[in-house]
Structures are given as structure tokens and as C-alpha cells.
J.: 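Structure below; questions to follow.
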Amino acid sequence: MLNQLTLSQLTQKLASSEISARQIVESCLAQIGRVDGKIHAFLSYNAEDALAQADAADKALAAGATHAEKPLLGLPIGIKDVIAVKDQPLQCGSKILGNFISPYNATVIEKLKNAGAIVFGRLNMDEFAMGSSTENSAFGLTRNPWDITRIPGGSSGGSAAAVAADECIATLGSDTGGSIRQPAALCGCVGLKPTYGRVSRYGLVAFASSLDQIGPFTKDVRDAAILLSVISGQDTADSTSIPQAVPDYSATLTGDIKGLKLGLAKEYMIGGLDREVSAAMQAAVKQYEKLGAEIVEISLPHTDYAVATYYIIATAEASANLARFDGIRYCARVDGADPLELYSKTRGAGFGPEVKRRIILGTYVLSSGYYDAYYLRAQKVRTLIRQDFLNAFEKVDAVLTPTTPTAAFKAGEKTDDPLQMYLSDIFTISCNLAGICGISIPGGFTQSPKLPIGLQLLGKPFGEETILKLAHAYERSTVWHGERPGMLN
Ligand code: GLN
């Protein structure tokens, strides 16, 4: 079935006219019909529009267009509900935006379209990307295709589950503290968070502007490289995007990683690490040695402070960013006798409990008297965390860690305990604070039940080529990425 194939496999078949773009979209739509009732990765999609885009791609292919000029021609890419697509709903997994329709395309969407992609569907997420399980969506749970009693991770749970369940060939998500890598790990796909500044955030609804990045979810590392090459690059509409040339990331996937140095951080050997996750890590270390990489012990001494620092900075920025949802400019307004009452009624009714918790926390750490004690101090610790990584990268080319301390947990297991939920981000959060890049790849399974385990590679600022190369070499020497959830058989 075409929906099970990768971008690179489908590209070859399209180029040789063996298949049409319409057939690819039809096969994804059929899969959505078969499984999405159970998984609920999609908030909405427009089948007619996707088929019309496919027909246009088929026409272009018939007229001689090639994948050399348009690398994603005829390939459907699903989109997290936090990225603006013109004329489509944009709700950020929240009720507060009502029936808002985006008036413009995010830069990444323009780039996908220029590359010929079929931009398709709105994928479920934790409200405003706040969460690690997609249980904070205002529109219901997304379920993990490997075990539908479990969560797919978050906040980009829909983007991960859609790829894992073969409902989509690839998707985009956003990562502020792990929201691409953590769900990719828990659903058994590849998820990449680019270096801060690599990909334009224009048209990404802001959660924490100094941490947010858009990145791909794919079935293998090569597809992540392909998609990253398309969405990267400087953009005058996002002043934080950096004028650094965009390489052809797939050219780096040679399989040869001899002599590359891989760091293991002693601070990541934490007590709460699941036994099977730890065993998968050890096996991966052996595998990398076999492939010719050199393993080096490193220290990231400020690791203990990462979660606390993140939840100060991210909530502070969120409290400012979410002030715009006031019932005046957009959103489902609830009227009041005066503006203050209108604001509080609109925001009281529109935001869910986790978003409210974060706004309150963020407002508190920014308030007079507490700003220096919390926000300013967190900024200083953030600098130390970044410096830890820069020091480590003097010695190593990348750092290897588990992506998450455990495999996917049960729906409902952590909803009453926000702190437990926050701790599931322990390995992913530092990467955003440091502004570096990271990728999660399939690294094995737990035994019973069979659930995916993710491995994370963290790279230097703009070191995407190195982590992709390392990820690809591991992937092609292991079998994990080829396995599919039992419910799909
Ligand atoms: N789980 C983290 C949080 O709740 C990260 C979210 C994200 O990366 N968007 O904030």
C-alpha cells in the first residue's frame, strides 16, 4: 500500500510514472478511514482539496516537472494545528479561537507548496502546544497506534500518530521543549528539532518564542533530511531566522560515521530511567561502536536545573504571547459589561486548565518583586546550560541520550499530576534551552506490551548534517524503523 512508503520511495515511483499523486492521496484517505476513528490524529481534513492538489501535481509531472526542481511534488504532508495554512482552520487545539480560519500561509507552508507538496489536514495537539501527551487538546485524545490505551506523546501527538499509523507520509510539528522528539519516540517514528533560527517561525502560533521551532516527523531519516532541506532557510518575516546556507541534507547520509565522536552524559543516567529504555541505550552504544564511532564520556553539569528553568522561561513567554487572545481581535468572544469582564469571561471560557496554569505561573515569575528571583535567574541558568553543551561539543560531534525516560504511558496516568507530566520532558528540554538541534529515532521496543523506545542525538548549533548522518547509519544497521503497529496488520 502506497501510504506505507516513504517520501523517497514514492518519489521514485512518481518519477517513473508507476503511480500517480492521486493514488498516494487516495491510499492515505483510505487509511484514515480505516484507523482514524480509533486514533484521532486528525482534527479535520479536506479530502477534495487534497485530491485537487494531487491532480495538479499529476498534471505538472505529466508536463515534465521533476523532483530535482520540486522535491516534494505530489507528496502529502500533514500539518500540526498550530501552523497557519491559508483558508484552513487554525485552532491550536484550543476552543478559544472558535472557528478561526487562517488568512495566510506560514513560511514553511509556502516552502512546502513551492516544493510541490500536497498540504493536507489539521493534526491534533495539546492546547497551544502545552503538554506531553496530547491530553490537553480541547478536541479529545489522540491515541498511540502501538496501544490505543496509551498516549502518543505531545504536544505534537497527532503529527506523530498520523505518521506511525501510515495515515500520512510525513508531517510537520513544533518543538518548544520536546514536542517533536518525545511523540516521535513514543510512536516509533523519526522526529527532528532544528537549531533555533534554522526554520522560520512566521505563521507558527507562538508558545515560547525563544524556544519554538518547526520540524518534520517522518518514517525514516532520509525523509527527515529531505523535508528539512525544504523548510529551512532565512526569512525576512522572522528576524530570528539565520542567514546560513541550507545544505542538501540527504547528501550527508553516507553510512560512514567512522571516527565521529559521540558523547554520553553521566547526568542522564537518572534513577527514573526505565530498565528497558536503559538496555536499549546500552545496545545503541555498542552498535555505534561497531559502526566505528568513538564513545566519549561528557558532563552536562546543569542538567538538574533544566526542567525548572524551562517551566519558568516557557511560561513567562507564554503568558505574554497568549495575551493576544483577548476576545477583541480574534477568538470566540464572551461579552461582558466592560472590557475587563469581557477579557476574563472570554479567557475563562476559552482556555483549558493547563493553559491557565501556565499563564498564571508565567505572570507570577514576571511580576515585580519576583522577576529577579525567578525569570532573571532562569535566564542565567539557561546560559549555563547552553555553555555546558558548547563545552561538550568541543570534545564530541553529538550527544546520545534516550529521548524519554519511559515508553508511552497510559492515557489518564499523569493528568492529575502536572509535575510528573513535566518530568517526561527531562531529556528533551535542554536542547531548546541551548538552542541546539536534536533528532529522535526508533531504538528498540519494550517487550510486553510492545512499545517503541526512542534514541536522541543532540547536535551543535547548525549541526543537523552530523546528527542526520549518525541517525541514518544507526537506522540502516538496525531493524526498528521497519516495524509497524500491530493494529495496522
Ligand atoms: N511538554 C513540554 C511542555 O509541556 C514541551 C511542549 C512543546 O515542546 N511544545 O511545555
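Being a predicted model, the structure only gives us computed values, none of them experimental. Both ligands and their constituent atoms are indexed starting at 1 by order of listing.
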J.: For a side-chain hydrogen bond (donor to acceptor under 3.5 Å, both in side chains) with Arg181, tell me which candidate from Thr404, Thr428, Asn432, Thr403 qualifies.
T.: Asn432

J.: Would you call the rings of Phe128 and Phe351 parallel, tilted or perpendicular, where under 30° means parallel and over 60° means perpendicular?
T.: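 Phe128 and Phe351: perpendicular rings.
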
J.: Does any N or O of ligand 1 fall below 3.5 Å from an N or O anywhere on Gly131, backbone included?
T.: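 Such a contact does occur with ligand 1.
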
J.: Going by the atom numbers of ligand 1, which of them fall below 4.0 Å from some non-hydrogen atom of Gly177?
T.: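 It comes down to these atoms of ligand 1: 5 (C), 7 (C), 8 (O).
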
J.: Tell me if the centroids of the rings in Phe139 and Phe42 come within less than 6.0 Å of each other.
T.: no

J.: For Ser155, counting its heavy atoms only, list the atoms of ligand 1 lying under 4.0 Å from any of them.
T.: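 The list of qualifying atoms is 9 (N).
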
J.: Of all the heavy atoms in Gly178, does at least one lie under 4.0 Å from an atom in ligand 1?
T.: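 It does, in that a heavy atom of Gly178 comes within the 4.0 Å cut-off of ligand 1.
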
J.: Any atom of ligand 1 sitting under 4.0 Å from a heavy atom of Glu354?
T.: no

J.: Under 4.0 angstrom from ligand 1, any heavy atom of Tyr310?
T.: yes

J.: Side-chain contact test, heavy atoms from C-beta onward, threshold under 4.5 Å: evaluate it for Thr134 versus Leu141 and give yes or no.
T.: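 A side-chain contact under 4.5 Å is absent here.
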
J.: Should the pair Phe427 and Tyr268 be assigned to parallel (<30°), tilted (30 to 60°) or perpendicular (>60°) ring geometry?
T.: parallel

J.: Do Arg386 and Pro461 make a side-chain contact, defined as non-hydrogen atoms from C-beta onward lying under 4.5 Å apart?
T.: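 The answer is yes, as the side chains (C-beta and beyond) meet within the 4.5 Å cut-off.
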
J.: Does any N or O of ligand 1 fall below 3.5 Å from an N or O anywhere on Ala129, backbone included?
T.: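 For ligand 1, there is an N or O atom that lies under 3.5 Å from one belonging to Ala129.
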
J.: Any nitrogen or oxygen of Ser132 lying under 3.5 Å from a nitrogen or oxygen in ligand 1? Just yes or no.
T.: yes

J.: Looking only at N/O atoms, are Asp425 and ligand 1 under 3.5 Å apart anywhere?
T.: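 The answer is yes, given that Asp425 and ligand 1 share an N or O pair closer than 3.5 Å.
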
J.: How does Arg358 reach ligand 1, if at all, at less than 4.0 Å between non-hydrogen atoms: by side chain, backbone, both, or neither?
T.: side chain

J.: Is there a donor-acceptor contact under 3.5 Å linking the side chains of Asp425 and Ser132?
T.: yes

J.: So which heavy atom in the protein is nearest atom 7 (C) of ligand 1, and how far is it from that ligand atom?
T.: Ser179 OG, 2.3 Å

J.: Do the charged groups of Glu354 and Arg357 touch, with an N to O distance under 4.0 Å?
T.: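 Answer for the salt bridge query: yes.
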
J.: Just let me know how Tyr422 lines up against ligand 1, side chain, backbone, both or neither, with a heavy-atom cut-off below 4.0 Å.
T.: neither

J.: Does a donor on one side chain and an acceptor on the other come within less than 3.5 Å for Asp397 and Thr466?
T.: no

J.: Going by the order shown, which atoms of ligand 1 are within less than 4.0 Å of some heavy atom of Phe207?
T.: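 Every atom of ligand 1 under 4.0 Å from some heavy atom of Phe207: 9 (N), 10 (O).
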
